[in-house]
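Keep in mind that this is a model prediction, so the values were computed, not measured. Order of listing sets the numbers, starting from 1, for every ligand and every atom in it.
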Amino acid sequence: MKGNSTITLNQSAVRNNVAFLRKKFGKNVTISSVVKANAYGHGIEHLVPMLEKEGITHFSVFDFDEAVRVSKSLSSPQNIMIMGFIADNNIRKAINSGFEFYIFSLARLNIALEEAKELNIKAKIHIEVETGMNRTGLNLQQLKQAITIINNNTQHLEIMGFCTHLAGAESISNHLRIQRQLKWYYKLLKLVTDNNITPKYKHVANSAASIVYPKTRMDLVRIGIMTYGFWSSAETFIQYISTRKDKTDPLKRILDWKSQVMSIKDILVGEFVGYGISYQAQSPMKTALVPIGYSNGYSRSLSNKGQVLINGKRCNIIGVVNMNMIIVDVTNTNNVKEGDEVVIIGSQDDLEIKVKAFSDSSNQLNYEVLSHLPIDIERIITQ
Ligand SMILES: *Cc1c(COP(=O)(O)O)cnc(C)c1O
């Protein structure tokens, strides 16, 4: 261990998850692996080659900088799609690099067109339409104008996609809104195809939609959270599993997060432990210090709540989570020594700390816990 903790990434878990998704979607659906937010905290530079090794050829990111990082991590050129932000002065570079990107405003369409003309390279665009999430996308009026612009400039634009984003497919409470979105999507799609524009990929689905609404798979699915071995919500998992004989989770977590015992201390009865008075020893006890804190993505809301694994035992965090440290109760754990392994996420013997336990007790989404994992923690790939 070089730093205060290590993240291990498991290749066979990546293989398992990609194989599951492939089998589920069939060979006519392209899987785009969503690796925004540093590959959901896993690390773009490590995870992208692991996905490439399992045959993934399409990657989705939020912004231009991430696209550059993905591109540098690949061993051969693959498709990279930017779903969100590109500074205007990077659009030229995006086109030059062959990145695909969303068009959600006429201003961006016009800039892309100008740059494509100057470069004499076709801009690879995905037309994103507003269907009811009210986040990004062209509305009907803007789409009509975009169609005219596109049809006047077919030599400079390659229409890679026609897409939208669904407002919460992971929860049944959004069912009606999503049905309305899909209906509107198909209406707008008809307008586009009636005007002789044939997008290569029609796509709307993220992980949840791809499971809950199979019709949304269309030509391409944008799969983030399931790639990493998690379900978008408990509901999504139940929806999947309810129709299966085998009730075991087909997805595997890729990531483990481990640290080590930094020092050990004996505490007298009645003493307060850590900052303030949030924890008082009710009997003589032994504590271990672990060099992980809220600056490392270990939420302060896990104070007096979180658990870690040491020497095959579940140990409680006592007192508040510090900026760089947590204090753990090891009174009933035998032979704890400095340097012993501490599992923050992952397994030890037959025990496991799941991201779910972590996210539930800190009131975070698993997406949130993962994406807060610091970029500078050492990452190791295991087979
Ligand atoms: C993040 C994102 C996805 C992937 O979502 P998951 O729930 O992680 O599968 C898909 N599409 C868009 C537009 C996104 O922003």
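Those atoms of ligand 1 that come under 4.0 Å of a heavy atom in H165, given as number and element, are 10 (C), 11 (N), 12 (C), 13 (C), 14 (C).
Every heavy atom of F62 sits 4.0 Å or more from the atoms of ligand 1.
Looking at A208 next to ligand 1, no N or O pair under 3.5 Å apart turns up. The shortest N or O to N or O distance between I225 and ligand 1 is below 3.5 Å. When only interatomic distances are considered, the shortest N/O to N/O separation between Y40 and ligand 1 falls below 3.5 Å. Close N/O approach between K36 and ligand 1 is found [any backbone or side-chain N/O within under 3.5 Å].
Scanning both residues, R22 and I31, for their nearest heavy atoms gives N-CD1, 3.8 Å.
Annotation: H126 is not in aromatic contact with F101 [ring centroid separation under 6.0 Å not met].
A salt bridge does not link E100 with K124: every distance from a Lys NZ or Arg NE/NH1/NH2 to an Asp or Glu carboxylate oxygen is 4.0 Å or more.
For R222, heavy-atom contacts with ligand 1 shorter than 4.0 Å involve the backbone as well as the side chain.
Among all non-hydrogen protein atoms, the one lying nearest atom 9 (O) of ligand 1 is S207 OG, 2.5 Å.
Taking the six-membered ring where tryptophan is involved, the planes of W231 and F20 are perpendicular, since the angle between them exceeds 60° and thus also 30°.
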